[in-house]
Amino acid sequence: SLCITGSANTNRFEHSVGTAFLAYYNIQCNKNKYLSHKQDLELLIISALLHDVANGPFGHSYEYLMEKQGFIPEKGLKNVFTDVLSYGQGATGYSSPYEQIYFGKLRALTSVLNDTQKKIVSDIIEGEHYFSKLISDKIDLDNIDNVFRMAYHMGIPFPIEAPIMLAKSMYLEDDKVIFKKEAEPYLNIWFETRKKVYKFLLLILLFFFQHQFLIRHNMLVQLPLLYM
């Protein structure tokens, strides 16, 4: 992140709050479409807030390493929910009810969510619930916030209302994410912004690796020649 202009200012807490904020707008505009699951609407917002809570540091780089060890973050919420008032497996796969996520702070989700609520939140994030595709699909509340938030910190311009308009216009039907007609221009904006973000990321990575190569080349080849 330190190699990417503005990106070092982005953090997972900011993104999680942003995703929950979009979930709130989605619910406000689509309550009539979610009547069969109205009892879980608040838990959808909580799921959006906690959707990355099982992820470790360094983003996807850490995620790939953990998956090789058999831990998939989206499937690990039940372990992360373990706290001092309950028993089970900690996030590392060991029995650790006193394991800390924040230094000096014991986990206390049990005092906020009961077992039934924790199960529903886990199911939403793991892809086992009616609301799951709002958070994990080809285009969802998670990557809407992620793309526009990265663009904002990188200085890539976009209409400021775009993420909220997309959140308002998407809903679920027959287990699919559907967008209302008025969302079409904002979908195009999201797609073009996403291309710019990833193009910028790839260019920065290419520059970084070229720079590393030049440093190593000068240290291993050019520098010794000065003393020959």
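Please read these numbers as outputs of a predicted model, since none were measured by experiment.
Judged purely by atom type and a 3.5 angstrom limit, S122 uses its side chain to pair as donor or acceptor with the backbone of K118. At distances below 3.5 Å, not a single donor-acceptor pair connects side-chain atoms of K33 with backbone N or O atoms of Y171. Listed for the D174 side chain is no donor-acceptor partner under 3.5 Å among the backbone atoms of K176. Side-chain atoms of E126 do not come within 3.5 Å of backbone N or O of D123 as any donor-acceptor pair.
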(request) Under the side-chain contact (heavy atoms from CB on, under 4.5 Å) rule, what do F148 and L166 come out as? Steps first, then yes or no, please. (result) CA-CA 11 Å; F148 286 121; L166 284 174; 4.0 Å; yes

(message) Walk me through whether M170 and I144 qualify under side-chain contact (heavy atoms from CB on, under 4.5 Å).
(response) CA-CA 11 Å; M170 64 189 292; I144 288 172; 3.9 Å; yes

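K168 is linked by a side-chain contact (heavy atoms from CB on, under 4.5 Å) to Y25, C29, I164, counting only residues two or more places apart in sequence or in another chain.
Taking both residues in full, the closest heavy atoms of L172 and K133 are given as CD2-CB, 4.1 Å, listed atom of the first, atom of the second, then distance.
The CZ atom of F158 sits 9.5 Å away from atom CD1 of I156, with the distance rounded to the nearest 0.5 Å. With rounding to the nearest 0.5 Å, the separation of OG in S169 from CG in N30 is 8.5 Å. The structure places CD1 of I120 at 11.5 Å from CG of D115, a figure rounded to the nearest 0.5 Å. For the atom pair CD1 of I135 and CG of L141, the computed distance is 7.0 Å after rounding to the nearest 0.5 Å. In this structure, the separation between CZ on R194 and CE on M150 is 12.0 Å, given to the nearest 0.5 Å. Annotation: the span from L134 atom CG to I27 atom CD1 amounts to 8.5 Å, rounded to 0.5 Å.
Under a cut-off of 6.0 angstrom, the local environment of OH in Y130 is crowded, with over 12 non-hydrogen atoms contributed by other residues, nucleotides or ligands.
H153 is listed as a side-chain neighbour of E14, based on a closest heavy-atom distance under 4.5 Å.
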Cut-off 3.5 Å, no hydrogens considered: what does the side-chain donor-acceptor table look like for residues 34-53, sequence neighbours left out?
unit_1 : atom_1 : unit_2 : atom_2 : d
Y34    : OH     : N26    : OD1    : 3.0
D40    : OD2    : H129   : NE2    : 3.0
S47    : OG     : L43    : O      : 2.7
H51    : ND1    : A48    : O      : 2.6
H51    : NE2    : H15    : NE2    : 3.2
H51    : NE2    : D142   : OD1    : 3.2

Quick one: side chains of residues 178-191, donor-acceptor pairs under 3.5 Å with protein atoms, not counting sequence neighbours, listed by atom name and distance.
unit_1 : atom_1 : unit_2 : atom_2 : d
K181   : NZ     : E184   : OE1    : 3.0
Y186   : OH     : E161   : OE2    : 3.2
N188   : ND2    : E184   : O      : 3.4
W190   : NE1    : N143   : O      : 3.4

